[in-house]
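I have placed the structure first, in the form of structure tokens, so that the comments after it can refer back to it.
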Amino acid sequence: MTFEDACKAYLRDLEARNLRRSTLDGYRSLFRGWRAYAGERGLSELTDCSQAEMRAWRESWNCKPSTQRIRLIQLKAFFLHAVRAGWVPASPMVGIKPPKHEEPPTMPLSRDEMRSLLAFADEAPKEQALILLMRYSGLAILDAVTLSRGAIDRAGHLTLRRAKSGELVMAHLPDRALEAMGRFSPVSEQYYFWSGIAQPETAAKYWRGRLHRIARRAGIESFRPHRLRNTFAVELLLAGVAMQDVSVLLGHSSVKTTEQYYAPWNRSRRERLVAIVQEVHARDPLLTPDRARKDIAGTDAAVPAITARQAGNENSSSA
């Protein structure tokens with residue numbers, strides 16, 4: 001199997017699995033860089049890509065650690081497929097570890113920032129509705145802008161499957177969000193913000209730009225639409241909602257993903273751990289003055305004897 005044929009065959013398999021366009025584009029970008037490296041090194045067969053070659057290619061990357069981690073995940077998935085298809089006897093990616101990467105804490109929008117954002121969107125009803133939808137449903141922007149009009153019932157219950165994970169998401173929209181969704185004419189008969197003709201990623205990019213413009217006018221620094229989703233998650237955690245429930249509401253396929261981004265905000269866990277430590281401390285006589293004095297008085301005579309025995313043991317072991 002040539003290197004070129006293997007890349008093309010894998011992309012066809014991804015397309016047949018109906019994966020998102022962004023996923024396919026990510027692999028195409030990866031393979032372009034790999035082709036360039038392979039051409040420079042004279043690699044033509046897939047079996048030419050030894051572990052040493054893969055390590056050498058990784059050392060040439062100058063992208064940030066988070067991007068490197070994604071590339072390594074993609075390469076490991078590719079070679080797992082290659083092994084199962086019989087293209088190579090073993091994966092050269094075994095043993096190649098991702099770089100250490102400290103994720104910055106996820107920062108939600110403050111109440112004042114939310115008020116300012118909504119105030120500057122007063123004359124843009126679609127943008128204001130999108131802001132409220134994302135803030136109070138926790139939807140990512142791709143899911144929000146491609147939301148079907150049938151996904152929200154009269155009671156304000158929202159149900160859909162996430163484009164990224166395929167996980168079922170259910171939420172309840174407050175009256176203010178529902179009112180905002182009803183104050184503008186939907187883009188099409190089927191969708192609120194999407195024509196259904198353009199690619200979903202194109203629609204998400206369009207609305208992302210519109211929200212950025214409002215955020216700039218509102219003076220909100222480091223704004224990203226995803227911070228609306230972060231705000232939804234963090235407010236739940238600060239209210240004491242369990243991490244497992246927040247994970248389900250966000251549509252994460254694993255609670256580990258939720259913990260990776262939102263662990264610092266897990267109030268229920270913090271309070272539980274604090275209570276455990278406080279309970280242990282309450283039983284410690286050294287932390288209660290009266291009990292501490294009694295315990296010390298009762299053990300004064302025993303201390304020298306124990307110390308002497310320990311000293312004798314230490315001396316004999318030293319000899």
Side-chain angles (χ1 to χ4, degrees), residues 66 101-119 121 128-144 147 151-181 211 215 218 220-284 287-288:
S66 58
H101 176 51
E102 293 291 336
E103 285 283 351
T106 299
M107 297 305 297
L109 293 166
S110 68
R111 300 281 172 84
D112 287 340
E113 286 175 325
M114 278 300 306
R115 291 190 187 99
S116 181
L117 194 64
L118 292 169
Q128 190 175 72
L130 182 58
I131 290 168
L132 287 166
L133 171 65
M134 293 181 65
R135 161 61 185 89
Y136 290 103
S137 69
L139 294 180
I141 192 165
L142 181 63
D143 294 316
L147 183 68
I152 303 175
D153 66 17
R154 292 182 179 179
H157 298 148
L158 183 153
T159 307
L160 79 159
R161 288 196 177 274
R162 287 200 65 201
K164 184 176 182 179
S165 64
E167 294 292 323
L168 183 65
V169 172
M170 294 179 287
H172 176 76
L173 295 177
D175 290 342
R176 185 176 182 183
L178 290 173
E179 290 168 3
M181 296 291 287
L211 294 187
I220 300 174
E221 297 181 359
S222 304
F223 174 81
R224 295 182 299 122
H226 204 78
R227 289 184 66 190
L228 294 164
R229 176 172 166 84
N230 294 339
T231 305
F232 171 80
V234 169
E235 289 288 348
L236 289 172
L237 290 168
L238 291 179
V241 178
M243 183 69 75
Q244 292 84 349
D245 292 330
V246 174
S247 182
V248 173
L249 288 166
L250 291 173
H252 285 162
S253 55
S254 169
V255 71
K256 291 182 179 179
T257 303
T258 319
E259 290 174 341
Q260 178 183 353
Y261 295 105
Y262 301 108
W265 304 96
N266 192 348
R267 180 178 178 179
S268 63
R269 182 183 184 189
R270 182 170 64 248
E271 290 178 347
R272 181 173 60 83
L273 293 175
V274 168
I276 290 172
V277 174
Q278 287 177 332
E279 184 179 349
V280 174
H281 288 172
R283 295 198 301 266
D284 190 335
L287 299 178
T288 306

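Count residues from 1 along the sequence.
Looking at every heavy atom in both residues, Val169 comes nearest to Leu249 through CG1-O, 3.6 Å. Between Ala129 and Ala180, the closest heavy-atom pair is CB-O, 3.5 Å. The minimum heavy-atom distance linking Asp245 with Val241 is given by the pair CB-CG1, 3.8 Å. A pairwise comparison of heavy atoms in Pro174 and Tyr136 identifies CD-CB, 3.6 Å as the closest pair. Across Glu221 and Arg227, no two heavy atoms sit closer than the pair O-NH1, 3.2 Å.
A heavy-atom distance below 4.5 Å is not found between the side chains of Leu228 and Ile141. The closest side-chain heavy-atom distance from Arg224 to Asn230 is below 4.5 Å.
The environment of CZ in Arg176 is sparse: at most 12 heavy-atom neighbours from other residues, nucleotides or ligands sit within 6.0 Å. Summarising the local packing, CZ of Arg269 is surrounded by 12 or fewer heavy atoms from other residues, nucleotides or ligands at distances under 6.0 Å.
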Verdict with supporting geometry, Leu173 and Ser137, side-chain contact (heavy atoms from CB on, under 4.5 Å):
CA-CA 6 Å; Leu173 295 177; Ser137 69; 3.8 Å; yes

Mind running side-chain contact (heavy atoms from CB on, under 4.5 Å) on Trp265 and Met107 for me, showing each step along the way?
CA-CA 10 Å; Trp265 304 96; Met107 297 305 297; 4.2 Å; yes

Go through Met114 and Arg135 one step at a time and tell me if the side-chain contact (heavy atoms from CB on, under 4.5 Å) criterion holds.
CA-CA 9 Å; Met114 278 300 306; Arg135 161 61 185 89; 3.9 Å; yes

